[in-house]
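Each chain gets a letter, A, B and so on, in the order its sequence line appears, and its residues count up from 1.
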Protein chains: 2
Amino acid sequence: MRLMSPPVGLTALADTDLVGQVARILTQAIIKGQLLPGAKVVEAGIARELGVSRAPVREAARLLEQQGLLVSHPRRGFFVRKLEATDIDEVYDLRICVECHAGVLASKNMTPANRDMLRRQIDVMHETAAIDDHARQIEEDYKFHRMICEIAGSKRLLRLFDDLASELRMTIGLIGRLYDDPHRIAQTHEALLEVLEQGHADIITARIDYHIGAAWREVGKLVRELPSSTNGAAT
Amino acid sequence: MRLMSPPVGLTALADTDLVGQVARILTQAIIKGQLLPGAKVVEAGIARELGVSRAPVREAARLLEQQGLLVSHPRRGFFVRKLEATDIDEVYDLRICVECHAGVLASKNMTPANRDMLRRQIDVMHETAAIDDHARQIEEDYKFHRMICEIAGSKRLLRLFDDLASELRMTIGLIGRLYDDPHRIAQTHEALLEVLEQGHADIITARIDYHIGAAWREVGKLVRELPSSTNGAAT
DNA sequence: TAATCGTCGATTGTCGACAGTTTAATCTTG
DNA sequence: CAAGATTAAACTGTCGACAATCGACGATTA
């Protein structure tokens with residue numbers, strides 16, 4: 001009567017999924033700054049370089065477009081999104097809105113396991129603070145915030161966070177330095193975890209609002225004094 | 001020859017843009033219920049029916065996937081997303097979060113012109129309430145809420161609203177009836193506009209929270225008692 | 001009889017090609 | 001020499017084709 005093969009726990013081997021791979025590679029290239037804002041993304045070029053045809057590249061590009069990393073000018077091609085200061089503002093504004101909500105939801109789902117996960121992530125942040133690796137530090141910071149969205153338990157919330165995060169990473173990569181002492185940043189997250197455990201909605205909201213708002217102010221300041229090389233392409 | 005045509009603000013007529021057209025047609029088909037949740041979307045079939053090749057159809061499908069209307073099972077194709085009750089909850093939850101925020105922002109940008117626009121939309125809703133056209137009534141309702149996001153002035157906020165709205169429309173189409181008397185709904189929006197003009201953040205938030213929450217409760221109830229024909233396909 | 005294996009049609013993922021358009025490079029001409 | 005016209009190259013949008021893969025159905029076997 002057993003109709004299914006006895007489920008031995010095998011890890012599903014990665015289905016080639018060309019489009020996804022191309023999308024990831026392009027995303028990395030943008031974040032790492034190999035593709036600067038305003039740069040043209042030539043389909044044939046990418047395709048040749050990756051050893052695939054243009055079809056998967058186009059589909060991947062459409063993905064990144066919807067995600068806000070590329071813009072498509074019909075008949076002219078895809079370009080790396082140029083983030084103006086106002087875009088940064090929009091993203092941070094939305095981020096506050098979303099993460100405050102996530103925080104309140106997460107505090108309701110807070111279990112010992114979740115608490116430990118967050119706690120450990122803060123430890124990692126402290127360890128990383130010793131090393132001089134901006135990219136890594138930023139990544140660990142995002143991981144903490146992402147965990148909150150995971151714990152909140154809404155797939156859409158999480159995806160939204162990921163979208164916003166990749167837009168921000170794009171800019172952060174350009175700034176090239178942190179906006180504060182890494183240890184201090186890690187400490188700030190401890191305070192955050194504390195109010196999450198306490199579970200009072202208003203306090204959580206206020207705290208996250210302030211926490212992200214601080215980053216916003218700093219990043220905003222840095223972006224506005226960026227060399228114009230990042231803003232100087234076609235509209 | 002061409003001396004850069006003087007850019008009079010004409011709405012650039014759709015540059016054939018096959019992908020966009022296909023996407024719109026598919027979206028409509030899903031909302032109108034011609035493509036039921038769980039249904040398989042056969043690329044070749046759609047392509048033949050629309051008289052185009054599979055490439056644009058694939059790209060359009062990827063778009064709708066990112067937008068949450070389709071899901072893609074690798075090597076098996078695209079399927080119309082099956083929205084479970086928990087999905088509805090996620091969407092409404094996010095919608096409250098987003099629209100409360102939009103409301104507060106909008107109230108800060110409130111001008112006489114904006115006020116009139118909203119006012120007129122409420123009038124339209126009252127007019128539509130007389131006619132017996134659910135689809136139309138729902139559409140006018142969404143338009144009002146969309147206006148708030150427009151007035152808020154954030155492109156990302158607006159796009160997010162559109163995404164959430166199309167996910168909801170998909171379900172609302174299935175329910176096939178309104179959750180309240182249309183005139184009563186229109187009236188509720190008058191109250192909303194009132195607090196928006198007053199401009200007190202807490203009150204706006206509370207009001208919108210309640211307003212959308214009411215719809216959530218009603219829609220949730222209806223969804224949970226839907227015929228299982230909408231939940232009965234492959235995972 | 002019921003479960004498994006093998007085969008066949010249908011469908012996806014990917015590719016190379018072609019036409020039309022945009023971009024650049026070159027050539028005119030005042 | 002500069003500004004506009006002209007030509008050439010490069011690129012996008014779309015198509016049709018082909019191999020790989022999936023699901024269904026019937027054959028096989030204990």
Asks: Can you list the residues that meet the side-chain hydrogen bond (donor to acceptor under 3.5 Å, both in side chains) rule with A/Asp141, with sequence neighbours excluded?
Replies: A/His145, A/His189
Asks: Can you measure B/Glu43 atom CD to D/dC22 atom P for me and round it to whole angstrom units?
Replies: 15 Å
Asks: May I ask you to say what A/Val57 touches in the nucleic acid, namely base, sugar-phosphate or nothing, with a heavy-atom cut-off under 4.0 Å?
Replies: nothing
Asks: Between the protein and nucleotides 7-10 of chain D, are there any N/O to N/O pairs under 3.5 Å, and if so, what are the atom names and distances?
Replies:
none

Asks: Does B/Arg95 reach the side chain of B/Leu168, with side-chain heavy atoms less than 4.5 Å apart?
Replies: yes
Asks: Please, which pairs that meet side chain to side chain donor-acceptor pair (under 3.5 Å) have at least one residue in residues 50-59 of chain A, sequence neighbours excluded?
Replies: A/Glu43-A/Arg54, A/Glu43-A/Arg58, A/Arg58-B/Glu59, A/Glu59-B/Arg58, A/Glu59-B/Arg62
Asks: For a salt bridge (Lys or Arg N to Asp or Glu O under 4.0 Å) check, start with the C-alpha distance between A/Lys221 and A/Glu225, then their side-chain angles and the critical distance, and finish with the verdict.
Replies: CA-CA 7 Å; A/Lys221 196 162 54 183; A/Glu225 62 194 35; over 6 Å; no
Asks: From CD of A/Glu59 over to P of D/dT12, roughly how many Å is that when rounded to an integer?
Replies: 16 Å
Asks: Give me the distances for all protein-to-nucleotides 16-21 of chain C N/O pairs that come in under 3.5 Å?
Replies:
none

Asks: My understanding is that only residues two or more places apart in sequence, or in another chain, count here; which of them pass side-chain hydrogen bond (donor to acceptor under 3.5 Å, both in side chains) with A/Arg156?
Replies: B/Asp87, B/Glu90, B/Glu167
Asks: Indicate whether OP1 or OP2 belonging to C/dT12 is found under 4.0 Å from a side-chain N or O atom of B/Lys40.
Replies: yes
Asks: Take atom CZ of B/Arg48 and atom C1' of C/dT11, then tell me their distance rounded to the nearest Å.
Replies: 11 Å
Asks: Over how many whole Å does the gap from B/Phe79 atom CZ to C/dT12 atom C1' extend?
Replies: 11 Å
Asks: Starting at atom NE2 of A/His73, determine the distance to atom P of D/dG13, rounded to an integer number of angstrom.
Replies: 12 Å
Asks: Mind calculating the distance between CZ (A/Arg58) and P (C/dG13) to the nearest angstrom?
Replies: 17 Å
Asks: So that I can tick it off, tell me whether A/Glu139 and A/Lys143 are bridged by a salt bridge, with the cut-off set at under 4.0 angstrom between side-chain N and carboxylate O.
Replies: no
Asks: Is any NZ, NE, NH1 or NH2 atom of the basic residue among B/Arg136 and B/Glu140 found under 4.0 Å from an Asp or Glu carboxylate oxygen of the other?
Replies: yes
Asks: Could you list all the salt bridge (charged side-chain N to carboxylate O under 4.0 Å, His left out) pairs where at least one residue sits in residues 23-40 of chain A, not counting sequence neighbours?
Replies: none
Asks: B/Asn114 vs B/Thr111, test: side-chain hydrogen bond (donor to acceptor under 3.5 Å, both in side chains). Steps then yes/no.
Replies: CA-CA 5 Å; B/Asn114 290 335; B/Thr111 67; 3.3 Å; yes
